[in-house]
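Accompanying notes for the structure given below.
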Amino acid sequence: MLSATSLDKYRFSRALRPFSFPVAVIACLVGVVAAYAEGYWQPLNVALILMAGVLLQAGVNLINDYADLPLLTSTDAMQDRARQSIRFNFRAGLLSFMLAAVIGLYLISVAGLVLLWISLLGLLGALGYTLAPIQYKNRGLGVLLVFWLMGVLMICGSYLAAGAPFDWTIVWISLPVSCLVSLLLLSNELRDYERDLAEGIGTLTVRIGYQQAVYLYWALLGAALLLTLLLRSLGYLSLIWPLAGVLLLAIKPCRLLQVSAPERVALTPATARLLLGFGTLFCILLVL
């Protein structure tokens with residue numbers, strides 16, 4: 001029988017997962033700010049880019065639990081409420097995707113067909129996160145594909161939608177933040193490791209084991225810092241020392257990696273704050 005605690009995760013406010021919104025906001029901002037640094041600034045487009053990014057992230061979050069429906073086979077009242085919540089969230093998620101698509105069509109009409117292909121890849125990736133037949137979350141591919149879909153592609157798409165022409169520079173610039181986008185998803189898998197293992201959900205963390213996923217967490221964090229140093233050496237950033245302050249935000253999530261499962265619930269919000277802090281300073285440095 002489904003417990004009240006398990007049912008709670010299907011509530012709309014929980015399923016929306018607002019802690020993950022920094023992914024969309026920061027990814028879109030990096031693209032927009034990079035375009036601004038090149039002299040491209042269209043305020044209406046910027047507002048629409050941010051709105052579409054958040055809607056896309058909300059849609060991904062809201063459809064996330066749809067794959068749980070086949071597991072809820074009982075006719076008891078608790079599972080019936082869970083099914084109703086999942087279906088409501090799924091419909092709300094599809095509505096979010098539709099609204100993001102409408103905004104995307106306008107931006108594509110302004111930016112051109114390259115943005116169309118980026119948008120289609122992003123939408124396919126968003127739908128395929130938990131929905132059959134792709135379900136790449138359960139294939140252990142979430143951390144890898146989110147790097148490209150919610151990191152590199154979203155940043156490049158925002159750059160184009162802001163009016164800038166494609167340049168490989170934006171791909172290089174996107175890499176440090178994309179590492180932290182993957183880090184946020186990995187923190188979610190680490191937080192839910194015991195539950196996912198018990199329910200047979202094949203996330204990357206379940207497949208490689210908790211301790212190996214912790215090593216990957218440190219590796220992604222280190223990669224973000226090393227790539228930032230590389231950008232400085234290549235001249236894409238004029239200075240990077242202010243980012244040293246962000247290391248303070250890394251202390252708490254790194255400590256939470258070694259605590260018990262009940263305490264680990266704070267890992268994902270702490271990682272989100274790290275992404276938000278790094279991304280905000282990174283955008284400022286792009287302008288400087």
Side-chain angles (χ1 to χ4, degrees), residues 18 20-61 96-127 129 145-185 224 227-228 231 236-237 243 272 274-288:
S20 67
F21 286 0
V23 170
V25 172
I26 292 300
C28 290
L29 274 179
V30 169
V32 165
V33 170
Y36 175 77
E38 296 295 328
Y40 300 95
W41 178 249
Q42 300 178 31
L44 174 60
N45 285 12
V46 169
L48 291 174
I49 290 165
L50 292 172
M51 190 182 303
V54 171
L55 283 169
L56 185 62
Q57 182 70 59
V60 171
N61 294 344
S96 296
F97 286 138
M98 288 174 60
L99 293 173
V102 170
I103 295 172
L105 287 174
Y106 167 74
L107 294 173
I108 289 164
S109 71
V110 175
L113 288 179
V114 176
L115 183 58
L116 171 63
W117 297 117
I118 290 176
S119 300
L120 288 175
L121 279 174
L123 185 58
L124 178 62
L127 290 170
Y129 182 62
L145 291 180
V146 160
F147 174 90
W148 295 104
L149 296 170
M150 300 298 290
V152 175
L153 281 181
M154 183 170 278
I155 292 171
C156 292
S158 300
Y159 180 79
L160 294 172
F166 178 77
D167 188 292
W168 282 102
T169 297
I170 189 59
V171 178
W172 282 102
I173 287 173
S174 72
L175 297 180
V177 173
S178 299
C179 285
L180 294 184
V181 168
S182 285
L183 192 73
L184 183 58
L185 179 61
L227 285 166
T228 304
L231 291 179
Y236 294 137
L237 295 172
L243 287 171
L274 172 61
L275 169 61
L276 188 59
F278 181 95
T280 301
L281 279 175
F282 191 80
C283 286
I284 293 171
L285 296 179
L286 282 176
V287 175
L288 295 178

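- Distance CH2/W117 to CG/L113: 7.5 Å, rounded to 0.5 Å.
- Residues satisfying the side chain to side chain donor-acceptor pair (under 3.5 Å) test with Q42, not counting sequence neighbours, are N45.
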Let me check something: any side-chain donor-acceptor pairs from residues 167-184 under 3.5 Å, sequence neighbours excluded? List them with distances.
residue : atom : partner : partner atom : Å
D167    : OD1  : T169    : N            : 2.7
D167    : OD1  : T169    : OG1          : 2.7
S174    : OG   : V171    : O            : 2.6
S178    : OG   : V152    : N            : 3.1
S178    : OG   : S174    : O            : 2.7
S182    : OG   : V143    : O            : 2.7
S182    : OG   : F147    : N            : 3.3

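- Counting all heavy atoms, side chain and backbone alike, I26 lies closest to G279 at CG2-CA, 3.6 Å.
- Scanning for ring pair (Phe, Tyr, Trp, His ring centres under 6.0 Å) contacts around W41 gives Y36, with sequence neighbours left out.
- A pairwise comparison of heavy atoms in C28 and S158 identifies CA-OG, 3.3 Å as the closest pair.
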(request) Test V30 against Y159 for side-chain contact (heavy atoms from CB on, under 4.5 Å), laying out the working first. (result) CA-CA 8 Å; V30 169; Y159 180 79; over 6 Å; no
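- Closest non-hydrogen pair, A161 versus I49, comes out as CB-CD1, 3.5 Å.
- Annotation: side chain to side chain contact (heavy atoms under 4.5 Å, CB included) contacts of M51 (sequence neighbours excluded): L55, I103.
- The side chain to side chain contact (heavy atoms under 4.5 Å, CB included) check on L153 picks up I118, L121, L149, with sequence neighbours excluded.
- L231 CG to L237 CG: the interatomic distance, rounded to the nearest 0.5 Å, is 5.0 Å.
- In this structure, L285 CG and L243 CG are separated by 5.0 Å, a value rounded to the nearest 0.5 Å.
- The nearest pair of heavy atoms linking Y40 to G163 is CD2-O, 3.4 Å.
- We find the CG-CG distance between L99 and L56 to be 11.5 Å, quoted to the nearest 0.5 Å.
- Taking every heavy atom of both residues into account, A24 and M154 meet most closely at CA-SD, 3.9 Å.
- Of all heavy-atom pairs spanning L115 and G157, the tightest one is CD1-O, 3.5 Å.
- Applying the side chain to side chain donor-acceptor pair (under 3.5 Å) rule to T280 yields no partners; only residues at least two apart in sequence or on another chain are considered.
- Between Y236 and L286, every side-chain heavy-atom pair lies at or beyond the 4.5 Å cut-off.
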